[in-house]
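Report on the following structure.
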There are 2 protein chains.
Amino acid sequence: MTNIHDIARLSGYSVSTVSRVINHQKYVADDKRQKIERIMRDLDYVPNRVARDLSKGRTKTIGVVLPYANHPYFARIVDGIVTAGFAAGYKITMLPTNYDMTTERRYLEEFRSKAYDALVFTSRSSALSTLERYRKYGPIVCCEDPGADCTLAAAYTDRRQSVVEALQWTQRQGIQNLGVLLSRNNLISASARMTRQAYQEVLGALPAQNLFDGAVTFEDGYRAGAYFAQLTPAVDGILANSDDIAAGIVSYYREHQLPKITVIGQENLLSGRLLGLPTIDHHLEALGQAAFKLAISNTHTHQLIKSKFIER
Amino acid sequence: MTNIHDIARLSGYSVSTVSRVINHQKYVADDKRQKIERIMRDLDYVPNRVARDLSKGRTKTIGVVLPYANHPYFARIVDGIVTAGFAAGYKITMLPTNYDMTTERRYLEEFRSKAYDALVFTSRSSALSTLERYRKYGPIVCCEDPGADCTLAAAYTDRRQSVVEALQWTQRQGIQNLGVLLSRNNLISASARMTRQAYQEVLGALPAQNLFDGAVTFEDGYRAGAYFAQLTPAVDGILANSDDIAAGIVSYYREHQLPKITVIGQENLLSGRLLGLPTIDHHLEALGQAAFKLAISNTHTHQLIKSKFIER
DNA sequence: GGTTGACCTGGGACCGGTTTCATACGTTAT
DNA sequence: ATAACGTATGAAACCGGTCCCAGGTCAACC
């Protein structure tokens with residue numbers, strides 16, 4: 001493979017001058033510039049990206065940590081990050097975790113090794129304090145509200161507020177007993193925390209039996225449907241954590257000819273639109289774009305993306 | 001930032017020995033190994049990934065070229081690539097093109113610059129011969145049948161055969177006049193070519209007015225529905241190029257209270273399932289996994305992934 | 001006692017760029 | 001006449017690793 005030294009040798013000029021030509025810098029005489037450019041073209045020369053990155057100390061690459069690559073929630077965020085990254089000349093690398101903490105830790109160590117200029121956590125299993133420990137190696141963005149004193153940058157939806165709106169809507173609809181689905185009902189998940197808070201705020205204490213945990217896919221929604229269908233006292237409304245999951249619930253109720261109940265989805269996906277379900281659009285592409293911009297700005301700004309409740 | 005030379009200096013041993021410790025190689029005395037390991041831990045040292053990549057001449061990164069990041073077709077392929085890549089310790093970088101040839105070319109040039117060990121084209125705008133010209137810089141995989149004499153590796157669905165099956169099924173259903181949707185009806189798109197071939201084979205010449213081109217999203221499907229609904233002679237069946245797009249057609253027909261017609265989707269997505277549409281599952285995750293394996297194997301194997309027609 | 005081979009260690013070239021600094025020349029201002 | 005400055009160029013350090021090769025020790029074997 002031909003390198004910058006070959007070009008220098010063949011052109012009779014120094015490596016420095018060739019480097020100046022490559023980078024379109026000032027202070028190169030026109031005739032020499034042209035000669036060097038011709039030789040580079042003749043030899044089919046392209047500067048080595050990795051060498052450049054090493055020398056410059058940056059990779060123009062952002063790592064995106066996410067549990068599953070092909071899940072609509074994360075796909076929409078990634079879409080936003082990729083779009084914004086493309087416009088800014090950054091590459092986006094996918095870092096799937098399956099919510100495995102060891103894997104997350106491995107990515108954090110890779111971050112220390114300068115493989116990425118910044119890291120975006122679309123979701124996480126590790127403690128926030130763990131992420132903060134790696135903050136000194138570069139910008140880290142999380143997609144949740146990490147609290148005012150957190151030094152991480154953050155872009156997040158106003159899930160609490162939008163869920164409050166959705167719940168108030170159910171009250172106006174006369175819904176008495178509402179079931180709730182969460183993906184991960186633990187202390188780590190900000191999404192779960194916000195949803196519980198909103199429930200508490202509008203409807204009071206959430207009965208344990210009205211909560212279905214571990215909902216990620218359509219199939220999970222289907223199982224949740226089976227669960228809620230046999231519940232006493234019966235629920236007359238369910239707040240799902242995604243339209244696809246809501247669709248699973250609706251499918252169960254339909255297939256078993258159960259009375260129709262109100263199911264609210266989230267993310268404004270095609271499935272919810274097809275079934276005419278009310279939903280909450282969290283504007284995840286915008287969230288992704290915001291996350292990217294924070295990643296390359298190296299601040300610790302916390303940025304709220306407004307969500308929108310959509311009646312149907 | 002502390003580097004390998006710091007560790008060498010502080011430990012009193014040579015860079016070579018430190019390198020051996022880092023890489024868990026033989027021929028390091030136990031006491032020295034332990035001392036070096038302790039110093040690395042004390043200094044919080046992590047080897048620089050970029051330097052390593054430069055030295056080794058590889059990045060353990062695969063670039064995935066795709067038109068849109070958040071489209072179910074490509075998302076499923078990417079999912080397969082990411083899953084297989086993760087298992088093999090490779091990073092996956094997304095390279096969105098919007099079908100812009102200049103952008104594709106830029107990625108090919110980046111490939112020459114050793115930024116990626118291999119490139120996977122999930123779709124393309126450039127000519128195959130263009131891609132082949134870059135073949136000498138490393139493995140390039142395309143996700144279509146590039147023809148027997150093509151030196152690129154390839155993983156692709158048997159779209160022609162599966163569409164033939166779908167069309168034969170429509171015949172058995174008594175469908176007389178079938179409309180067809182394509183995403184890009186040009187010479188580049190193998191998917192369009194295979195679909196046209198299958199139509200020719202089963203139903204004969206495809207009337208120009210029965211073809212709707214440029215269908216990518218649900219909204220496109222909706223527009224296609226509007227188009228086909230006003231057509232004379234009326235179509236009594238439509239083959240769409242994805243379930244989401246098929247759902248667009250169905251939505252149009254529903255919303256305008258038009259007589260129900262048979263719409264066949266593709267990719268076996270949730271939308272098709274919800275609407276009970278027959279579909280063709282092209283097993284795109286498997287395709288992605290196959291593409292990844294080809295990418296790191298540096299052969300020019302052509303691999304067919306069987307598709308499956310699903311009646312509903 | 002000499003050869004062989006396994007084990008251990010360090011020097012230094014190499015991967016392929018960027019960037020700082022020293023130098024030198026030609027104008028222009030003082 | 002000379003200081004000052006803009007332009008042009010190259011040498012060499014630097015980014016931070018890998019790895020080949022030379023050299024040394026020590027035990028086993030003939």
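Worth knowing before you read on, the calculation uses all heavy atoms, side chains too, and leaves out hydrogens, waters and symmetry mates. In what follows, chains are A, B, ... by sequence order, proteins preceding strands, each numbered from 1.
When each of D:dG17, D:dA8, D:dG16 is scored by its nearest atom to the side-chain atoms of B:R52, the top-ranked nucleotide is D:dG17. For B:V15, the side-chain atoms get nearest to D:dT18 when compared with the rest of D:dT18, C:dG16, C:dG17. With C:dT18, C:dG16, D:dG10 as the choices, the nucleotide that has an atom nearest any side-chain atom of A:S14 turns out to be D:dG10. You'll find that the side chain of B:S16 is closest to C:dG11, out of D:dG6, C:dG11, D:dT18. Nearest nucleotide to the A:K32 side chain, out of C:dT19, D:dG17, D:dT9: D:dT9. The side chain of B:N48 sits closest to D:dG16 out of D:dG16, C:dG17, D:dG10. In this structure, of D:dG17, C:dG17, D:dC19, it is C:dG17 that holds the atom nearest to the side chain of A:N3. Side-chain atoms of B:H5 lie closest to D:dG16 of the nucleotides C:dT9, C:dT18, D:dG16.
Taking 4.0 angstrom as the limit, B:K56 places a side-chain polar atom (N or O) nearer than this to OP1 or OP2 of D:dC19. In this model, the phosphate group of D:dT25 is not approached by any side-chain N or O of B:Y27 to a distance below 4.0 Å at OP1 or OP2.
In this structure, B:I4 atom CD1 and D:dT18 atom P are separated by 5 Å, rounded to whole Å. Atoms CG (A:D31) and C1' (D:dA8) sit 11 Å apart, rounded to a whole Å. Across the protein-nucleic acid pair, B:D6 atom CG and D:dG16 atom P stand 9 Å apart, rounded to whole Å. Rounded to whole angstrom, the span from the CD1 atom of A:I36 across to the C1' atom of D:dA8 amounts to 12 Å. For A:L54 and C:dT18, the CG to P distance is 11 Å, given to the nearest whole Å. Between the CZ atom of B:R58 and the P atom of C:dC14 there is a distance of 21 Å, rounded to whole Å. C:dC7 atom C1' lies 13 Å from atom CG of B:D30, rounded to whole Å. If you measure from atom OH of B:Y13 to atom C1' of C:dC8, you get 12 Å, rounded to the nearest angstrom.
No donor-acceptor contact under 3.5 angstrom links the side chains of B:S19 and B:S16, judged on distance only. Remark: the B:D53 side chain and the B:T59 side chain contain no N/O donor-acceptor pair separated by less than 3.5 Å. Judged purely by distance below 3.5 Å, without hydrogens or angles, the side chains of A:T61 and A:T93 never pair a donor atom with an acceptor atom.
Contact annotation for B:V18: no contact, since no heavy-atom pair falls under 4.0 Å across all strands. Backbone-only contact: B:N23 has heavy atoms under 4.0 Å from sugar-phosphate atoms and none from a base. No contact: A:V21 has no heavy atom under 4.0 Å from any strand.
In this structure, A:S11 contributes its side chain and A:Y13 its backbone to a donor-acceptor pair below 3.5 Å. No side-chain donor-acceptor contact under 3.5 Å links B:E132 to the backbone of B:L152. Although no hydrogens or angles enter the test, the distance criterion places no donor-acceptor pair under 3.5 Å between the side chain of B:H282 and the main chain of B:L284. Under a 3.5 Å cut-off, the side chain of A:R193 and the backbone N or O of A:L187 do form a donor-acceptor pair.
Residue-to-nucleotide contacts include no donor-acceptor pair under 3.5 Å from the side chain of B:S55 to the base of D:dG16. Between the side chain of A:T17 and the base of D:dA8 there is no donor-acceptor pair of N/O atoms closer than 3.5 Å. A donor N or O paired with an acceptor N or O is found under 3.5 Å between the base of C:dG10 and the side-chain atoms of B:R20.
Taking the ring centre of B:Y134 as origin, the terminal cationic atom of B:R112 falls outside the region bounded by 6.0 Å and 45° from the ring axis. With B:Y27 as the aromatic partner, B:R20 does not meet the cation-pi criteria of under 6.0 angstrom to the ring centre and within 45 degrees of the ring axis.
Over its full length, the helix from C:dG1-D:dC30 to C:dT30-D:dA1 turns its helical axis through 50°, comparing axes from the five pairs at each end and rounding to 10°.
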